[in-house]
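Notes follow the structure.
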Amino acid sequence: MTAVAEQIGNWLAEFSGQAPAAPWLQELRAAAFQRFSELGFPTTHNEEWRFTNVAPIARRPWRNPPGKSSSELPEEARRHLAQYASQANPFVALNTAFLADVAFFQVPRGTVLEKPIEVTHQVASMAAYHPRTLILAGANAQCTIVETFQGTGSYFTNAVTEIVAGENAVVDHYKIQLESREAYHVATMQVQLGRNANFTTHSISVGGALVRNDVNAVLSDGTEATLNGLYLVNGSQHIDNHTVIDHAKPHGTSHELYKGILDGKSSAVFNGRIIVRKDAQKTDSKQTNKNLVLSDEAVIDTKPELQILADDVRCTHGATIGQLDSEALFYLQSRGIGKSDARSLLTYAFAQDIIDRIKVPELKDRLEKVLFERFHEHAH
Amino acid sequence: MSLLEIKDLHATVGDREILKGISLTVDAGEVHAIMGPNGSGKSTLAQVLAGRELYAVTGGQVLYQGQDLLAMSPEDRARAGIFLAFQYPVEIPGVSNMYFLKAALNAIRKQQGMEELDAFDFLNMVREKMTLLDMDQALLNRPVNTGFSGGEKKRNEIFQMAVLEPKLAILDETDSGLDIDALKLVAHGVNALRGPERSMIVVTHYQRLLNYIVPDYVHVLAEGRIVKSGGKELALELEESGYAGLGIADEEEAVGKV
């Protein structure tokens, strides 16, 4: 038996052992598992996974948490479920194969939700989790979604989130990844945006041993999309952020700012693809990736990928990799601020730039505390 | 005991020797002006005293309140009462002026065994100092020096000095790039801080500043050495005859006279 077959074999036993579900779901799962079996786990020969080796996930015989049965889903949800995130990504296929509970939210047309929708995944050791979230925001609807991932011990989270925003809808999304330091975390988000919709997402990645985030957004006419991210890695952590912004129609605007702070022997990847389709004229797109590298052994791979097929567009991109500014350090020290405090302060300030953009005050406060603790650790 | 004693100080950057034996004594309450053409080593002296690691001290000694200053870290020097007003104040995006200054003040207060100030007491304390420099309070909430005009940056330096109340203030070309109104404002702020317990070293290329901050002593620096020292009249003499009158080459001045 080949290594791949062996890996799939483990999953097959778990797949067959799932609690039975409604026929439509059973069908969906079976097709997805078939797809996953064909694809197997990606290797570093696959360009999309070049810098992220998922062998540690593939090797482990993860158990499916027992006793989970599928919940009933309304017709509207069934119509949209598993229609957006591509099953060509083996992790998406795997998630669909183990689909049980779906966190489903529908914000009706014209409805403005004052309070954020909060989806918190709190998990414990030794299992594989495949959480699925589906959010449908109707035309002119407005909502905020906060997805939080946390847990203890070693486990594997394989999340898929699909968001569909109707015409003129305003959706503000936050993904807060605070997994345990022994956790494996793969998350794919697929966002379909309607005409003149306004979508913002902030991906804050702090925990996990091996992390891969995929954010894919498809824009329509006059859509505005903002993709921001902050990744903090130290020790031997690895965090890979892949984003795809697909300008499918004219007059779309996208802003993307990802910032990373790397310390220890950690590594991180930023791969930002911007697609401007042939008829997506007057597209305005800006991508920035900034990295602060605090140790000699940390490694960052940053890669913009622009595929521009229209001719009347404005697309800019830039990436920086740097250390703490020695002049700024001296300036702070010359005012009596100790060297380690000065280092923390400058590191904190680098991250604060992203945190300042968060519009949910309680979340902002919470993350400021997380950052404060992290950079205290950095400095000493 | 003098506040500051510099004895035969030598310093290099890379292979280049910039300070070639500087000796200078500053007593409490004195204001010393250090003048000199570009490249004479004025700014290097200022930065070496503040502890910039870019420069290597290769000889000599500096005593501050009888202690070996060169053995101290930049932050320890600041906590002991040394303040450098930067020629080019550094922009620090993401750190508010208020947070920065409160952290600095509390680090110094802690060292001196004083209680740390909370945000409320701090605001009350700085308000008065802002008036002194005619500074807009909104500057407190802006990131340190970020997006400040040249004049605002220099005023911010003197404002910091007013808040931190150093024993020895080193002003590194605080006048450069300022129009006459901004210069008067900065000088007014500096003069308000003069006192028997506060000494100053005012580094400048131009005599103009010294019309407003009148020094007790003037030293002329050329090629890393003090070539002439005197009272405040030495600055006026330089204004008359230029550095060339002392046999010192000054490119900038030569260009200015054409």
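Each chain gets a letter, A, B and so on, in the order the sequences are listed, and its residues count up from 1. Hydrogens, waters and symmetry mates are skipped; everything else that's a heavy atom, side chains included, is used.
Taking A/Ser334, A/Gly336, A/Ala349 one by one and counting their heavy-atom pairs under 4.5 Å with chain B, the maximum is reached by A/Gly336. If you tally non-hydrogen atom pairs under 4.5 Å between each of A/Tyr348, A/Phe330, A/Phe350 and chain B, the highest count goes to A/Phe330. Comparing B/Leu54, B/Ile92, B/Asp76 by heavy-atom pairs within less than 4.5 Å of chain A, the highest count is held by B/Ile92. Here B/Gly51 is the residue among B/Pro93, B/Gly51, B/Ala107 with the most heavy-atom pairs under 4.5 Å with chain A. Most heavy-atom pairs under 4.5 Å with chain A, from the set B/Pro89, B/Ala78, B/Ala103, B/Pro74: that is B/Pro74.
The stretch residues 133-165 of chain B places B/Val144, B/Asn145, B/Glu157, B/Gln160, B/Leu164 near chain A, each with some heavy atom under 4.5 Å from a heavy atom of that chain.
By the neighbour-count criterion of 12 heavy atoms within 6.0 Å, atom NE2 of A/His317 is sparsely surrounded, having that number or fewer from other residues, nucleotides or ligands. Counting heavy-atom neighbours within 6.0 Å of B/Glu197 CD, excluding the residue itself, gives a total of 12 or less.
Ring to ring, B/Phe100 and A/Tyr331 are close: their centroids are under 6.0 angstrom apart.
Evaluation of the side chain to side chain donor-acceptor pair (under 3.5 Å) rule for A/Glu368 yields A/Gln352 as partners, not counting sequence neighbours.
For B/Arg77, no part sits under 4.5 Å from any heavy atom of chain A, backbone or side chain.
Remark: the backbone N or O of B/Glu75 is not paired with any side-chain donor or acceptor of A/Arg335 at under 3.5 angstrom.
Looking at heavy atoms from C-beta onward, A/Glu327 lies out of side-chain contact with B/Tyr88 at the 4.5 angstrom threshold. Within the 4.5 Å cutoff, side-chain heavy atoms of A/Leu345 are placed close to those of B/Tyr99.
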